[in-house]
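Letters A, B, ... are given to chains in the order of the sequence lines, protein chains preceding strands, and every chain is numbered from 1.
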Amino acid sequence: MAFASDAPKDGFRLSMLIYDTRYRSYTIQIVVLVLFAMAVAWLLNNTAQNLAARGKEFNFAFLWQRAGYDIGQALIPYTNDDNHFRALLVGLVNTLVVAFCGCLFATVLGGIIGVLRLSNNWLIGRLMTIYVEVFRNVPLLLWILLSYVILSETTPQPRDFRVTDEMIAAGEEPAASMILFGTVAVTNRGTNIPAPLFERSLGSVQIGFLPVSLNLLAFILVIVASVWANRRLLAHAKAVQEATGDRPVTWWKSLLILFGPVLALKFALGLHLEIPELKGFNFAGGILVAHSFTALTIALALYTAAFIAEIVRSGILAISRGQTEAAYALGLRPNRTMSLIILPQALRVIIPPLISQYLNLTKNTSLGIAVSYLDLRGTLGGITLNQTGRELECMLLMMLIYLSISLIISALMNLYNSSVQLKAR
Amino acid sequence: GTLDDVKARGELICGSNTGLTGFGAPDASGNWAGFDVDLCRAVAAVVLGDATKVKFLPTTGETRFTALQSGEVDLLVRNSTWTFSRDTELALDFVAVNYYDGQGFMVKKDLGVSSAKELDGATVCIQTGTTTELNLADFFKQNNISYQPVTVADDSEAQRQYLAGACDAYTTDASGLAASRATMPDADNHIILPEIISKEPLGPVVRHGDNQWGDVVRWTYYALLIAEERGITSANVNEVAASTADEEVKRLLGVSGDMGAKMGVSNDAFKNAILAVGNYGEIFARNIGEGTTINLARGLNALWTQGGLQYAPPFR
Amino acid sequence: MADAAKMQISDEVAIQITGMNKWYGQFHVLRDINMTVQRGERIVICGPSGSGKSTLIRCINRLEEHQQGQIIVDGTELTNDLKNIDKVRSEVGMVFQHFNLFPHLTILENCTLAPIWVRKVPKKEAEETAMHFLTKVKIPEQAHKYPGQLSGGQQQRVAIARSLCMKPRIMLFDEPTSALDPEMIKEVLDTMIELAEEGMTMLCVTHEMGFAQAVANRVIFMDQGQIVEQNEPKEFFNNPKSERTKLFLSQILGH
Amino acid sequence: MADAAKMQISDEVAIQITGMNKWYGQFHVLRDINMTVQRGERIVICGPSGSGKSTLIRCINRLEEHQQGQIIVDGTELTNDLKNIDKVRSEVGMVFQHFNLFPHLTILENCTLAPIWVRKVPKKEAEETAMHFLTKVKIPEQAHKYPGQLSGGQQQRVAIARSLCMKPRIMLFDEPTSALDPEMIKEVLDTMIELAEEGMTMLCVTHEMGFAQAVANRVIFMDQGQIVEQNEPKEFFNNPKSERTKLFLSQILGH
Amino acid sequence: MSETHAQTVLFVRDTMLPPVDPPIAERGAVKWMRENLFSTPLNIALTLLGVLIVWWLVSASLPWWLNSVWNASSLSQCREIVAATAGEGASGACWAMIRERWHQFIFGFYPASEWWRPVLAFGLLFAALAPVLFAGQKRNQSLILLAVLAYLLVTLYLAGAPGTAFLLSLLLVAGLLVGAQLAPGKLLWFTLAFPALCFWLLWGGSVWSPIVAMAGFGVLYAVFRVGTPFIGLVPAAGAGVVAAVLWWLYLDKPVVDALQAALPFGIQSVRSDLFGGFLLAIVIGVTGIAFSLPIGILLALGRQSDMLIVKTLSVGFIEFIRGVPLITLLFTASLLLQYFLPPGTNFDIILRVIILVTFFAAAYLAEVIRGGLAALPRGQYEAADALGLDYWQAQRLVILPQALKISIPSIVSTFIGLFKDTTLVAFVGLMDPLKGVTQIVRADINWKGIYWEPYIFVGTIFFLICFGMSRYSMYLERKLKTDHR
Ligand SMILES: Nc1ncnc2c1ncn2[C@@H]1O[C@H](COP(=O)(O)OP(=O)(O)OP(=O)(O)O)[C@@H](O)[C@H]1O
Ligand SMILES: Nc1ncnc2c1ncn2[C@@H]1O[C@H](COP(=O)(O)OP(=O)(O)OP(=O)(O)O)[C@@H](O)[C@H]1O
Ligand SMILES: [Mg+2]
Ligand SMILES: [Mg+2]
């Protein structure tokens, strides 16, 4: 037993801060923290000095001043007498609406293209590949600008719809006419779609600063109720299937439950459509969907669809052929195999990257600036910033809002991910 | 102050438009030209003695004031409207009005409209980031009529939309309208409505508090005005300097007195400016006046002696 | 045991293949296959890699299409007729090399899925059947776990149980043990032997010669897409006729 | 041979572990370990799965931290002091079950990496040493290949050579053969035996009882984080003392 | 029964059948069409639909392409020519605009006499990339260098480079070629020097400024080497950084001035407001990705770290940057950055944009690299530890080379994304090719009203570059997968 070891030394030496694993990480972290704090302090100090030099102060009171400008597309009530905060909300709603519609169309389109790319039809497969490659490899901005130009260049002016007495006398047709049974007019300013109107109204209530129509509420309630009833019906069908092995036919009952009450309510309230009509310079009545919105939605959807198509394709390919074969060998038909075996598994692979595409799309809505769509960036980060000169506040607020949207979406994604995790050893 | 910075740098940085025909736009080889641009060049000639030592930084409606405040540009000459809040809240100084303008409307002739008050229900294209959208909202509100705004980021896009018929009327400063109209293939089919719904005094802007610099810019501008008043042009300035008997002209051209030196520039600074870009009238005529494609009449911008508003304080 | 097995073979024909040919593109993968399988027979197919064994048994439940000749399974000819294919598939169970369990379903759901959706059996009944077969393969206690949570041997036994739940009259096995660790091979072979003893008609691609000798009525040796030799196991192993077979056996058994 | 080996054992202590305890969270994985390894000793550690064998030898070069007790390796106590840890690690070589070669480096680069960067040996010298050890493990001709191009047995021999290049005084092996195919096990064991004959101090977790009997001075049996029995190999295998050991040996050897 | 059965069982094939060709229906075009176009009713419908779409696209755009005009000085002239040749009402592309303004799409307002400089820098970029992409592979490096040489020969001639520059650059590349033969590993030095060289080529000015700036790194290294034995590794590194910063802050300018006075050598300086078009896009894209890579690596390591504060800060940074649109960051660059810097500091908008774009790319790269790190088996870390490598050695020698290799496809797609996103700088007033230059061209009276041509032109170039990159990364991925096996 002749080993020479230094007697274990106790006590603290300064070098332990760096060489002792226990303290080392604290040392590093404290250094980092101090550096970080110094950097933050430096930035704040600079900001304060700069603000002082420009005679500005940092506060958000300007949000409650009169905005004074008009917004073409306002989905919540807004006039130029409202304050900047309200304008911000209008912009936020516009952002969310574009994001929502974009995601919806992109998913549908991307899903179809992804599946078609896998089809054994050579021509379609090639076309879809070209689509995906072209849209993925060209900047989104180009698609936005292009779809805007196409929309406004290829559509007729409102006056082309005009029918004058002379024309009737001469038996001439107007240069353009409304589509979808004369209910929708596509002009070079936007798409005029019919608006729902009620003969008998239930009135409306004020919730916070938003008036909510009771009619709308009634419809939502009825729809929710029918959906619930339909789910009961399906659950019942499933129970019957489990008990007897045979699944009762449900589709006509479903249809009845889903659409019956809504139709009944429609007649009860006397819902009818207000068809847009050419009056003066423009179509009046109905709802005007501006081309900036349409173009942005289309471009975002087309662009993102290319990415989603790839996700869908690789998601389906990720499910090994063995799964299909096993299902076939058990006697399952192709469509059942798809719905019971492939899709449930593919969705787990598809959904996480899909959601991050949604996130990208939502962030990309800020490119609405290219077509002057008044979204959050256009109102808060555009006109409000410009009129009030509060770039620091406006930009920070805007980033904060975008960040919150992103974080909420990714939190949902994590929730989903952990709930569908495949069980493994 | 900014003056010393500019001298030290040997270059003047001007915030300009990203491209507005006649007022400030680069040509195919990147040389900037225009009404606003020439004022910058004049300032450069005054401060540095060389009108070419200017760097133009294109700014958008959103970035322009920040660029000035942060010192990124020394001078903002980007047809910016002088308003109360910009002058006070943004800590900026408008040093002069080099162009008196007002917001107007342009419509197609066959629309059958002869007054802006008949525009009820019309779709109106506006450029965002300016005072125009506020004026527009106010105007329609006052007259109790409605409109559908289409906000557009820049002039060429606004024109494209207007020409394509995506809006019934295009509103911006009357000078801009005229400029646009002039470049349209069928200029005769468009009319500018008589209503001018706002006052738009456009002028060069400097940072608040730097009075010396403000003076340099202001007096450069006035020098150009006085030059027009006295018939001094880029062609005859040397001759006039040599021969004039007018004391004010002598002071202006640095023949006598030390006005330039008092301001911190060379004594013949203003002579240089006139030599380089000409007097106000020349600048106007060269860039936007009658005979150019823009084809604007002097109107309000005529000298006070000719019934306009351009009036320079005495140079003494 | 071999005798017991023999006794169960009936005269009834379970599978009849005549003059069957198959190509992958230009590649002639199965050449002039003729074979008859009586009900209750247990056939082992062996042969070098790439000789078409898997392809052959996959043709039998139409996971692959053949281009020439006739395959009649249980009196139903396999053509492009979807109904016939469905019929055959629900009569024929198949076990794969890589188990191919459905990872998103529990073991029990794996076993009840096909009976419920294909055979329209009430769920309760399907679950009872499933538990019965899971007990048979000795893993009833795993019924509510997911495939990922089981060992390879257990998974393969679940795969067998899943096939059995469809009450097939014929079982096909494609190298069911070759992806398993040695200890687990035994578990699975035991299950298969048990099945064989109950008189199930079985076609099994395998290189487990012990298994072949224990339960097969017949061993088929394939090479280059053709049946080169078939014989009773004893004869086949002790007294191979063709040169090709001898070579193959010497490699396999020497190993 | 065993005698030859014995002769090289010196009185010097290579590793001294006293009263060592380790927990993973709440789980007490090593309990009161006391052991002394003389320089030149060759120790085999065995025991059922999960008994803490890997954890024990990973503590010896501080891949895991212990919470109580003392580990002194070659005169250096393993504490939180990074300098000591570095010193110990450069004295102790380790070979893993899954080789853990660096796949982006050639065999030669794998072997010279640590000498160059840790020992600051000139590149040329490091390469000479590396070639020497690669020759020793009988794969000098593979020096410029990448690990992915070698068989498992060859990879494990490279891993041994890589450790040797640091000229360690102690070698730790964690189941070095258990990820290998049977034919390859022998290659690796031969290499290890050769090392043992040269008098390297070795701690080896393995279930290769043949190896233990051939080269070990001592066999340590662990269960539930404790050293249950240790003895000379002959005694250990023929005459185990504890019940637990008997049970374990019956399983291992019966297998 | 059993007896007879045993008899029937025996079958021995005496002759092996040769393979025969499949039946007609299984061969050739017939089979191909049947399988690929008309296999099911749905497929037939899809095929018809596809044909219809293709036909519609072609018939709608073909006349426009066929009536292209290449020689005209304004849009109206173009239209006249189309009307004259193809009849009234026909439409035709007016590529004359591209012909007249192509240089603005490529170089912005970069002076024509200096075009050879970006052209040269672009060629050298590949020479600098070669040692990174093909570390130690003599053959591929030489191939790339040869290609660069050929490219420079042609383009420098076309761009009218002055004779000395022409000769010097060819000599440089030739030297690199020789270097690749003798010591391929050493070429990395050129890669390290390239940023300074490139900066100097593009911005011009005194040759000493980049050299003296690079010398700052030399100072860092010298202090680090000298200091390490005395004060230890970490403090020495800190001292090195401090010394380098001091160098850059205080000594850089006087030294440059002194050297310039003593040995005046420089090229015409070009202000960055003249940068535009693809030159701008590539400058922003390439510098963004080059500088974001190290930052991204640090962030990824930080995010993987078990030190809570380091991890939190990294996660916070990454999530913040990834959570907001790039365009808001660009606005930050143009509107807010000035607020955060000491009063009076003022620097180039392009540099500010590059900084923000670098942060943006770094956050995305950090996530990509984290994926690569996570894909490495724990054994690699343990083996490195067991060999006695310290943390940074292990990362640099063992972990990162592998993690980066795994992440190459994702890194490339991040780069593609970044490159496409450079078009957004138009919104802060820079002249990107898509919106900035196009807007300027369209503001010109001659070309007012032109839409499709610039978009198609710019879009095509973007497509070619991005598509090329994605194909290359696929190739790289395949190659890396196989070459070690
Ligand atoms: N989908 C396919 N397309 C083209 N060729 C195929 C396909 N599937 C299999 N083959 C080829 O057909 C031949 C027979 O394949 P098969 O899988 O039936 O062989 P096997 O006898 O089962 O071999 P193993 O013992 O390796 O499983 C092989 O040469 C194989 O390469
Ligand atoms: N990082 C860890 N965290 C928590 N528990 C662990 C960790 N590593 C190992 N264990 C547990 O510690 C116990 C001992 O593990 P160890 O790997 O040392 O066993 P072993 O004897 O080497 O087993 P085997 O023969 O399977 O390799 C096991 O129960 C294991 O589950
Ligand atoms: Mg097979
Ligand atoms: Mg272990």
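Heavy-atom proximity under 4.5 angstrom to chain A picks out nothing from residues 134-141 of chain C.
The distance from the OH atom of A/Tyr328 to the CG atom of C/Asn61 is 12.5 Å, given to the nearest 0.5 Å. Taken to the nearest 0.5 Å, the CG atom of C/Asp86 stands 9.5 Å off from the CG atom of A/Leu332. In this structure, the separation between CG on C/Leu101 and CD on A/Gln323 is 8.0 Å, given to the nearest 0.5 Å. Interatomic distance, A/Ile341 CD1 to C/His104 NE2, rounded to the nearest 0.5 Å: 4.5 Å. Between the CZ atom of C/Phe102 and the CD1 atom of A/Ile342 there is a distance of 8.0 Å, given to the nearest 0.5 Å.
Residue A/Phe100 places its CZ atom among 12 or fewer non-hydrogen atoms of other residues, nucleotides or ligands, all under 6.0 Å distant. Within 6.0 Å of CZ in A/Phe259 there are 12 or fewer heavy atoms belonging to other residues, nucleotides or ligands. More than 12 heavy atoms of other residues, nucleotides or ligands lie within 6.0 Å of NZ in C/Lys120, so this atom counts as buried by the packing criterion.
Taking each heavy atom of C/Pro122 and A/Ala243 in turn, the nearest pair found is CB-O, 2.9 Å. Across every non-hydrogen atom of A/Gln345 and C/Pro103, the tightest pair is OE1-CG, 3.3 Å. C/Phe96 and A/Ala329 get closest at one heavy-atom pair: CZ-CB, 4.1 Å.
When heavy atoms are compared at a cutoff of 4.5 Å, A/Leu340 approaches chain C by way of both its backbone and its side chain.
With C/Asn100 contributing its side chain and A/Gly322 its backbone, the two residues share a donor-acceptor pair below 3.5 Å.
In this structure, the side chains of C/His98 and A/Ser320 stay at 4.5 Å or more apart for every pair of heavy atoms.
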(request) Let me see the working for C/Arg58 and A/Glu325 under side-chain contact (heavy atoms from CB on, under 4.5 Å), right down to the final yes or no. (result) CA-CA 10 Å; C/Arg58 289 158 60 86; A/Glu325 290 183 347; 2.4 Å; yes

(request) Please test C/Met166 against A/Leu330 for side-chain contact (heavy atoms from CB on, under 4.5 Å), starting from the C-alpha separation and ending with a verdict. (result) CA-CA 8 Å; C/Met166 286 291 283; A/Leu330 284 172; 4.2 Å; yes

